[in-house]
Amino acid sequence: MSNQTKFTSGFLKMHNDKGLEGVFSTLGAGCYSLTLHGKPLILQPKDVETYLSSPQFFGKTLGRVAGRIPETIHIIDEDYKVLADKKGICLHGGELESLSFRNFKSEVFPNKDEDSIVFVYVSPDGECGFPGNLEVRITYAMPRTENALIITQEFRTTKETWVSLSNHIYWNFFGDENVNDYTLMVNAGHYGVFKKGTQLVVDEAAVPECLDFQTPALLKEKLDRIEKEIPEIGTLDHAFRFHTAAHDEPQVVLESKDLRLECRTDYNGLNLYVDTSMTDVEFANRPGLKKRRAIAIEPQLFPTDSKLVVPGITYKHVIRYDIKTK
């Protein structure tokens, strides 16, 4: 693949009985659109080709390893060089060569309690430099009587390798101009510390005040402080370790005047990214969206933890988003 590649995808629809509807893509096992009673919940590029080819990973599955890792990884007794940029950083498993830009096989499974779509892709040994054939199975499900999107991520490998999947949905409710007036709660007291001059996480520490969302905080106030106190990043683009990994209470709560989004997951951490990239993308939600136009909630393994997986085991993680109107 290259930047000149013209990506193609099949699209599949799914809806429940409560007004929630989604469109999902075989390219990257992604979520292209998600609406409630016809109103958008996530950023949906107006041009399909932009969605397919954008390096902003709109709504796509991330992997083999979500986040940033060094270009050389050590597994058992060998070093492997993975696909990286000029600075020696591998982003989301290889950017435009990663799982986000591979076509998955798909199948729809309707039943009386929920509909689901299953995407399957086998990443061959050596793809983007990672060892082992990796079978990835991504399931999106919508309960019929609850407004929830449930993402199940499963995988198996034929060799010891590194894996940490995630999803890159950008949340923006009902076409709001930005997320400044949203409040955010994150059940996390520690965050990932960057290697100087990069966004490669090499350590963890207690969250500073500008990154402390343990009690609900207005995003504008925090983002303004981040711009001043962490100017080299200039936005919220940080990894957090949850206090606990469980399904009974939400680890993340995002609220606007209209909606409350609760995220539950068995991952032990996540990355949060508020999009301030200013890329010239027109969205179906609302034309002209620019600074702070959405927030990506990306549950994943905390970056400093082991990503080593071994043959003979099926690994599984679940991300659940509950959407509640006010």
Side-chain angles (χ1 to χ4, degrees), residues 1-10 25-30 52-107 118-139 151-168 195 198-202 239 267 271 298 300-317:
M1 292 186 190
S2 73
N3 289 343
Q4 304 303 313
T5 300
K6 184 172 179 62
F7 295 103
T8 60
S9 179
S25 70
T26 59
L27 188 79
L52 296 178
S53 61
S54 171
Q56 287 192 268
F57 301 92
F58 291 111
K60 297 189 179 75
T61 297
L62 302 178
R64 293 186 181 190
V65 178
R68 295 170 176 85
I69 60 174
E71 64 180 340
T72 301
I73 60 176
H74 186 76
I75 300 174
I76 312 301
D77 296 320
E78 294 189 48
D79 287 334
Y80 294 87
K81 190 168 183 178
V82 296
L83 190 62
D85 62 18
K86 293 179 181 179
K87 296 180 180 179
I89 302 296
C90 176
L91 175 64
H92 296 329
E95 298 196 54
L96 296 183
E97 306 283 339
S98 70
L99 294 183
S100 298
F101 298 93
R102 304 292 176 175
N103 259 301
F104 287 61
K105 294 181 180 179
S106 62
E107 192 170 355
V118 176
F119 295 98
V120 178
Y121 175 73
V122 178
S123 176
D125 186 12
E127 187 168 77
C128 294
F130 292 93
N133 296 322
L134 184 76
E135 181 179 344
V136 180
R137 181 183 179 96
I138 306 296
T139 303
I151 306 172
T152 303
Q153 301 175 329
E154 301 171 90
F155 55 88
R156 291 176 63 91
T157 181
T158 58
K159 294 181 180 178
E160 290 84 358
T161 190
W162 278 20
V163 183
S164 176
L165 304 180
S166 190
N167 181 281
H168 214 300
K195 180 180 179 180
T198 75
Q199 284 185 264
L200 182 67
V201 175
V202 293
Y267 279 113
N271 195 83
E298 309 161 47
Q300 58 194 257
L301 295 179
F302 190 76
T304 59
D305 288 1
S306 174
K307 301 165 187 65
L308 182 67
V309 298
V310 299
I313 297 174
T314 297
Y315 295 84
K316 177 180 177 180
H317 289 283

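Position 1 is the first residue of the sequence, and the numbers go up from there. What you see is a predicted model, and the numbers here were worked out from it, not measured in a lab.
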Mind listing the closest non-hydrogen atom pair of [X] and [Y] along with its distance?
X	Y	result
Ser100	Lys60	O-CD, 2.9 Å
Arg64	Pro131	NH1-O, 2.9 Å
Ala66	Ser166	CB-CB, 3.7 Å
Phe7	Leu27	CB-CD2, 3.8 Å
Phe155	Val309	CE1-CG1, 3.7 Å
Asn167	Glu298	O-CG, 3.5 Å

With rounding to the nearest 0.5 angstrom, report the [atom1] to [atom2] distance, [X] to [Y].
X	Y	atom1	atom2	answer
Lys159	Ile75	NZ	CD1	10.0 Å
Glu154	Lys316	CD	NZ	5.5 Å
Glu160	Ile76	CD	CD1	4.5 Å
Tyr267	Leu301	OH	CG	6.5 Å
Trp162	Phe130	CH2	CZ	8.5 Å
Ile89	Leu200	CD1	CG	4.5 Å

Beyond-backbone contact of [X] with [Y], side-chain heavy atoms, under 4.5 angstrom:
X	Y	answer
Val163	Thr157	no
Thr161	Tyr80	no
Leu99	Leu165	yes

- Distance-only side-chain donor-acceptor flag, Arg102 / Ser123, under 3.5 Å: no
- Task: Take atom CZ of Arg137 as the centre, draw a 6.0 Å sphere, and report whether it contains more than 12 heavy atoms from other residues, nucleotides or ligands.
- Result: no
Under 3.5 Å, is there a donor-acceptor pair between the side chain of [X] and the main chain of [Y]?
X	Y	result
Lys307	Pro303	yes
His92	Gly67	yes
Asn133	Asp125	yes

- Message: Under the salt bridge (charged side-chain N to carboxylate O under 4.0 Å, His left out) definition, can you give me all pairs with a residue in residues 83-96, not counting sequence neighbours?
- Response: none
- With sequence neighbours left out, write down each residue that passes side-chain contact (heavy atoms from CB on, under 4.5 Å) with Thr26, or none if nothing qualifies. Ser9, Leu12, Asn103, Ser106, Phe119
- Contacts of Ser25 that satisfy side chain to side chain donor-acceptor pair (under 3.5 Å) - sequence neighbours left out: Tyr51
- Are Phe101 and Phe57 close enough that their ring centres sit under 6.0 Å apart? yes
